[in-house]
Amino acid sequence: MIKVITYGTYDLLHYGHIRLLERAKALGDYLIVGVTADGFDMARGKINVQQSLMERIEAVKATGLADEIVVEEYEGQKIDDIKRYDVDVFTVGSDWKGHFDYLNEFCRVVYIDRTEGVSSSEIRTEECTLNFGLVGELPALDKFRQESTYVNGVIIRGVYSLDNRLLSKELKALPTFDKYEELLEICDAVYIYSSSCFHYEQIKLALLRGKHVLCESPLALDITQWQELKRLARERKLVLMDSIKTAYSTAYCRLMLMVKSGAIGDVVSVDSICTSMSNLRMSKSENFPYIWNSISEWGATALLPIFHLMGIDYLEKTITTRIQPNTDDFDLFTKISFIYPKGVASMKIGQGVKSEGELIISGTEGYIYVPAPWWKTDYFEIRYENPSFNKRYFYQLEGEGIRYEIVSFVKSILRGKAYDYVDDQISEAIVRVFQDFTNHKYKLI
């Protein structure tokens with residue numbers, strides 16, 4: 001019996017996929033089909049996959065062509081599978097010609113011509129074209145613009161800013177609008193990266209105009225306003241999503257899974273630090289009356305691992321801050337401490353104080369160390385009492401998680417179902433912390 005193996009993502013299975021499987025089947029007597037796992041696809045840059053792993057497996061199974069289906073999860077698995085299943089022929093589309101010649105050492109390699117004119121990427125683009133508007137004052141908007149080019153169907157139509165002087169050269173090259181309403185007229189969705197004091201009004205106006213919204217967390221500075229925005233989004237069947245790019249980075253996602261699987265036992269403490277020395281966000285003038293303070297810059301990011309791992313049901317919260325003289329609520333440094341029924345957590349943030357931006361998660365059996373800057377890391381280490389058991393994990397950092405966040409946002413719009421990694425409970429908990437700070441419920445140092 002001649003065994004044949006082939007691999008693919010098989011997203012939005014179409015005639016081209018089926019034709020390729022038929023020709024692979026004709027090369028032998030028994031066809032094994034490897035379907036790539038979501039994580040492996042992300043690691044090799046395929047980020048706009050619309051269907052889950054199980055949906056893609058079911059689609060391949062429904063063709064009736066596969067005698068056996070395996071899941072491809074790691075680099076080098078092809079060699080392992082060829083040996084394990086005693087494969088005679090490895091085959092893949094001709095667009096990979098030459099790439100897998102090294103497998104000739106283990107079996108015969110055959111490249112099959114692909115069906116012309118059929119592409120999952122094209123199908124995804126046809127299925128969804130979303131016109132985006134960018135809203136904000138900071139050059140960070142340019143990162144979103146850059147990362148959006150990796151997601152099929154996303155088109156940036158223009159920018160609205162309270163101060164165009166703070167836009168990058170690339171953003172200034174886009175159509176800019178003096179009125180927010182004018183931008184909303186030509187968009188299906190907006191991405192908001194503005195000072196948190198503007199979020200409520202900017203989100204509300206977009207929702208009232210029937211636009212989907214992806215906004216940097218927090219969505220509001222008052223819990224009543226947050227509830228109003230969420231209700232408005234539900235009533236109008238619109239997607240309103242917190243943007244915290246770290247939640248979508250591969251390393252952070254793997255870190256959360258490992259902790260929750262018990263890799264370090266029960267979590268007892270989480271310590272999260274985010275600081276910078278940038279003065280850009282401290283600007284304030286008569287024409288531009290806002291302050292981008294430390295909690296606006298770092299608060300949501302620093303709170304993310306605390307609420308993900310410790311939950312939102314803390315017993316006590318203490319906010320300690322140092323306010324820059326002659327300003328209203330510009331915190332140079334803020335520390336927030338939480339007490340939980342079975343643990344503690346703390347976050348330190350600052351724009352006028354510099355510290356090591358690390359994340360430490362302490363457990364009953366070990367701890368996890370994530371080096372600075374932890375919010376965009378590609379590496380972390382699990383450490384135990386016996387150093388010989390320590391393990392290091394490395395992951396590709398693609399676009400700081402932004403491109404995966406855009407994919408999740410688009411997917412939520414297309415399917416009418418939330419695919420965000422910052423759920424409503426965490427979103428609400430973040431707003432409650434910001435509300436307390438805004439209402440001066442803190443201790444001054």
Side-chain angles (χ1 to χ4, degrees), residues 125 127-149 151-168 170-222 225-245 287-290 292 296 402 405-416 418 420 422 427 431:
T125 302
E127 182 180 297
C128 166
T129 298
L130 280 176
N131 296 306
F132 267 80
L134 303 183
V135 181
E137 303 86 29
L138 303 175
L141 284 176
D142 199 45
K143 289 184 180 179
F144 188 93
R145 179 197 63 80
Q146 293 170 352
E147 293 303 307
S148 70
T149 62
V151 183
N152 291 327
V154 170
I155 301 172
I156 305 298
R157 295 296 305 275
V159 186
Y160 167 73
S161 176
L162 292 176
D163 191 338
N164 289 336
R165 293 172 300 174
L166 297 180
L167 297 177
S168 68
E170 291 76 12
L171 287 174
K172 288 178 180 177
L174 293 170
T176 57
F177 295 84
D178 295 327
K179 293 183 179 180
Y180 184 31
E181 293 85 350
E182 293 176 351
L183 175 65
L184 292 175
E185 286 178 6
I186 63 168
C187 295
D188 304 307
V190 291
Y191 169 64
I192 299 173
Y193 198 123
S194 62
S195 178
S196 53
C197 63
F198 298 128
H199 288 179
Y200 168 70
E201 292 295 342
Q202 290 174 340
I203 293 171
K204 184 176 180 178
L205 184 55
L207 293 175
L208 289 172
R209 297 296 179 95
K211 312 304 176 182
H212 304 282
V213 179
L214 175 64
C215 178
E216 286 297 315
S217 193
L219 301 182
L221 296 177
D222 178 89
Q225 293 178 343
W226 179 87
Q227 291 168 344
E228 178 190 353
L229 294 175
K230 284 293 180 176
R231 183 178 65 253
L232 191 58
R234 284 195 303 271
E235 290 172 352
R236 294 174 177 255
K237 294 182 171 55
L238 296 168
V239 174
L240 171 58
M241 203 165 110
D242 283 73
S243 171
I244 307 179
K245 62 181 182 292
N287 296 324
F288 193 51
Y290 89 103
W292 190 282
S296 290
I402 298 173
E405 180 179 63
I406 299 172
V407 169
S408 295
F409 182 61
V410 172
K411 203 171 178 180
S412 298
I413 293 171
L414 287 177
R415 301 197 177 186
D420 54 325
V422 183
S427 176
V431 171

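These figures come from a predicted structure and were not determined experimentally.
- Taking all atoms of both residues into account, the shortest heavy-atom contact from Phe409 to Val213 is CE1-O, 3.5 Å.
- In this structure, Leu221 and Cys197 approach most closely via the heavy-atom pair CD1-CA, 3.8 Å.
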- Given the rule in the side-chain contact (heavy atoms from CB on, under 4.5 Å) test, do Asp222 and Val431 qualify, once you have shown the distances and angles that lead to the verdict? CA-CA 7 Å; Asp222 178 89; Val431 171; 5.9 Å; no
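- With sequence neighbours left out, the side chain to side chain donor-acceptor pair (under 3.5 Å) criterion links Tyr160 to no other residue.
- When all heavy atoms of Ser194 and His199 are compared, the closest pair comes out as O-NE2, 2.8 Å.
- Scored by the salt bridge (Lys or Arg N to Asp or Glu O under 4.0 Å) test, Glu182 finds no partners at all (sequence neighbours excluded).
- Expressed to the nearest 0.5 Å, how far NZ of Lys411 lies from CD1 of Ile413 amounts to 13.5 Å.
- Taken from NZ in Lys211 to CG in Asp188, the straight-line distance is 6.5 Å, to the nearest 0.5 Å.
- Not counting sequence neighbours, the partners of Leu205 by the side-chain contact (heavy atoms from CB on, under 4.5 Å) test are Tyr180, Glu181, Leu184, Arg209.
- Taking OG of Ser148 as the start and NZ of Lys143 as the end, the distance is 14.5 Å to the nearest 0.5 Å.
- Partners of Ser427 according to the side chain to side chain donor-acceptor pair (under 3.5 Å) rule, which considers only residues two or more places apart in sequence or in another chain, are Trp226, Asp242.
- Annotation: salt bridge (Lys or Arg N to Asp or Glu O under 4.0 Å) contacts of Lys172 (sequence neighbours excluded): none.
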Do any side-chain atoms of residues 230-239 form donor-acceptor pairs under 3.5 angstrom with protein atoms, and if so which ones, sequence neighbours left out?
residue	atom	partner	partner atom	Å
Lys230	NZ	Leu240	O	3.2
Lys230	NZ	Asp424	OD1	2.8
Arg236	NH1	Leu208	O	3.3

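- A donor-acceptor pair under 3.5 Å is absent between the side-chain atoms of Ser408 and the main chain of Asp420, judged by distance alone.
- Heavy-atom minimum distance, Leu171 versus Leu134: CD2-CD1, 3.7 Å.
- The salt bridge (charged side-chain N to carboxylate O under 4.0 Å, His left out) pairs that include a residue from residues 198-207 are Lys204-Glu228, where partners are two or more places apart or lie in different chains.
- Residue Asn131 holds its CG atom at 9.5 Å from CD1 of Ile156, rounded to the nearest 0.5 Å.
- Among residues two or more places apart in sequence or in another chain, the salt bridge (Lys or Arg N to Asp or Glu O under 4.0 Å) test is passed with Arg145 by Asp142.
- Note that the CD1 atom of Ile406 and the OG1 atom of Thr149 stand 8.5 Å from one another [nearest 0.5 Å].
- When the side chain to side chain donor-acceptor pair (under 3.5 Å) test is applied to Gln225, no partner is found at least two apart in sequence or on another chain.
- Val410 and Val154 get closest at one heavy-atom pair: CG2-CG2, 3.9 Å.
- Residues Ser296 and Ser195 have side chains that never bring a donor and an acceptor to within less than 3.5 angstrom of each other.
- Scanning for side chain to side chain donor-acceptor pair (under 3.5 Å) contacts around Glu405 gives Ser243, with sequence neighbours left out.
- Distance check: Gln202 CD to Leu229 CG gives 11.5 Å after rounding to the nearest 0.5 Å.
- A search for ring-ring contact (aromatic ring centres under 6.0 Å, His included) contacts involving Tyr191 returns Phe144, not counting sequence neighbours.
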- Starting from the C-alpha separation in whole Å, work towards a yes-or-no answer on side-chain contact (heavy atoms from CB on, under 4.5 Å) for Leu214 and Ile192. CA-CA 6 Å; Leu214 175 64; Ile192 299 173; over 6 Å; no
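- Smallest separation of non-hydrogen atoms from Phe132 and Cys187: C-SG, 3.7 Å.
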